[in-house]
Amino acid sequence: MTDLKDTDILVIGAGPGGLRVAIEAGKLGAKVTIVDKKQEIGVPKRCAEGLGGGWFKRLGMEPDPKWAVWEINNARVFSPNGKEIKIGKNQYGYVLERKMFEKYLASEAIRKGAKIKLKTESLSVIKEGSQVVGAKVNEMGDEYEIRAKVVIACDGVDSRMARSAGLDTTNKLVDMDSGFQYEMANIRLGDKHALEMYFGTDIAPRGYIWIFPKGEDVANVGIGIGGNSEKTAKYYLDKWIAKDPRFKDASPIEINAGGIPVGGIMDNMVLDGFMVVGDAAHQVNPMDGGGIALAQEAGIIAAQTAVEAIEKGDLSADFLSKYNRIWLNQRGNQLKKVWKVRQFFEVLSNDDMDFIAEKLGMGEDLLDFAFGNNWFTFAKLFVERPGLFKSMKAFL
Ligand SMILES: Cc1cc2nc3c(=O)[nH]c(=O)nc-3n(C[C@H](O)[C@H](O)[C@H](O)COP(=O)(O)OP(=O)(O)OC[C@H]3O[C@@H](n4cnc5c(N)ncnc54)[C@H](O)[C@@H]3O)c2cc1C
């Protein structure tokens, strides 16, 4: 117990970001304590559980059928009038059983030496001058301090720890999506290994509806919409499900809801003795809302920087800002471009979306564009629609 109150790295939040920090820092020999206010790792899930195949190698893991439960080999995008853009059969990835995935990550972290304290909420960070030196926690009614050389806040979209340390991570409402999802059974799925996405201003304002299959007749069926939408995400999703005969005999087995920070990529994520990772640092793809992999990618960089700082005895923000630089070069600057593309997509009318769907032969171009590349192909496409061309120019 005393041992846990004095650690090299204190990780606040045992989601994918925090657990990956612990695995990486443990590998490098650091003593890590993780606190999470929940009583069970991975529960409740607030996620559609999709993970692109390319991430496994990048994160140094193999898909395990215990948690990578359903293979995806196709993606289908539908415009408001129902026209399908075929993204292609080479889209490989998995739908996870995220509870099992996070328990796998937690077990790996423990094997690398981390100690996890559940039902332990971090109340605020402790500072000595400008230096963050730990956090005050409440473990089932017992309040005490945990001292650490570096504190890494991985406390998700509702993060309070960065602000308690003096780092403003507040997101504008316009940079937040509202997500709502049913995991449903007994759906009459067509292509059982295809992700499906449905667009339209009246279907999902500023967002889309998804079907992510995770079994023969089971899928995560959800919606993400702009946080400033007139009606709730549930309202739009229920309305859409009611019209689709594939759901006639289906029913939910789980409800998942949560905010998704889709904008506001931060340039600075450190203070003296303090770093922030994952949703808490808005490290989410603004286009698809995915953050499971990005939180882990950032977690690896943060852990490596923190361990190096400890070894060098320099816990200053100046040293820790190496994390900012590496992450922005490796991922953040690309995500800034994706945010611009998203802003362009947000102003499209249903008619514009139908036009794009009609003109595009295959969706590879769309995918490329959505990730901030290949603007030239679209510029050529929009010559026929000067309005679209102008607004693309304005955003990009
Ligand atoms: C509806 C929906 C669908 C989504 N679908 C996908 C998808 O298909 N693919 C994808 O990649 N991403 C998806 N995401 C996003 C993804 O879930 C997040 O980006 C990801 O969970 C971020 O991981 P994280 O570790 O930063 O935070 P989290 O997973 O949120 O973990 C934060 C942890 O911190 C703990 N915590 C918070 N405050 C404290 C405190 N004060 N003290 C102690 N513990 C604390 C919480 O209990 C939690 O365990 C979706 C999100 C939503 C809402």
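Counting starts at 1 for both ligands and their atoms, following the listed order.
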Using the test ring pair (Phe, Tyr, Trp, His ring centres under 6.0 Å), find all partners of Trp67 that sit at least two apart in sequence or belong to another chain.
Phe101, Tyr104

Indicate yes or no: does an N/O atom of Asp279 lie under 3.5 Å from an N/O atom of ligand 1?
yes

What is the nearest protein non-hydrogen atom to atom 49 (O) of ligand 1, stated with its residue, atom name and distance?
Asp36 OD2, 2.6 Å

So is there a nitrogen or oxygen of Glu102 less than 3.5 Å from a nitrogen or oxygen in ligand 1?
no

Nearest neighbour in protein (non-hydrogen) for atom 9 (N) of ligand 1:
Gly50 O, 3.0 Å

Assess, by modelled atom type and distance only, whether the side chains of Ser349 and Asp352 contain a donor and an acceptor separated by less than 3.5 Å.
yes

If hydrogens are left out, which of Glu40, Arg98, Gln39 has an atom nearest to atom 29 (O) of ligand 1, that is, the closest non-hydrogen atom?
Arg98

Positive for side chain to side chain donor-acceptor pair (under 3.5 Å) with Asn324, one of Asn268, Asp267, Thr305:
Asn268

Tell me whether Ser229 contacts the main-chain N or O of Ile225 through its side chain, where contact means a donor paired with an acceptor under 3.5 Å.
no

Candidate pair Glu49 and Asn220, rule side-chain hydrogen bond (donor to acceptor under 3.5 Å, both in side chains), full reasoning:
CA-CA 8 Å; Glu49 306 175 290; Asn220 289 321; 2.8 Å; yes

Using a 3.5 Å cut-off on N or O atoms only, is Ala295 in polar contact with ligand 1?
no

Is Val157 close to ligand 1, meaning an N/O of one under 3.5 Å from an N/O of the other?
no

Candidates Gly93, Ala14, Cys47; heavy atom nearest atom 6 (C) of ligand 1 found on Cys47

Looking only at protein heavy atoms, identify the closest one to atom 52 (C) of ligand 1 and say how far it is in Å.
Arg46 O, 3.2 Å

Who's the nearest protein heavy-atom neighbour of atom 37 (C) of ligand 1, and how far?
Asp155 O, 3.3 Å

What pairs meet the salt bridge (charged side-chain N to carboxylate O under 4.0 Å, His left out) rule with one or both residues in residues 272-295, with sequence neighbours excluded?
none

Within the structure, does Lys38 bring an N/O atom to less than 3.5 angstrom of an N/O atom in ligand 1?
yes

Nearest non-hydrogen atom to atom 5 (N) of ligand 1 belongs to which of Gly222, Gly17, Ala48?
Ala48

Select the closest option to atom 43 (C) of ligand 1 among Lys37, Arg20, Met161, judged by heavy-atom distance.
Lys37

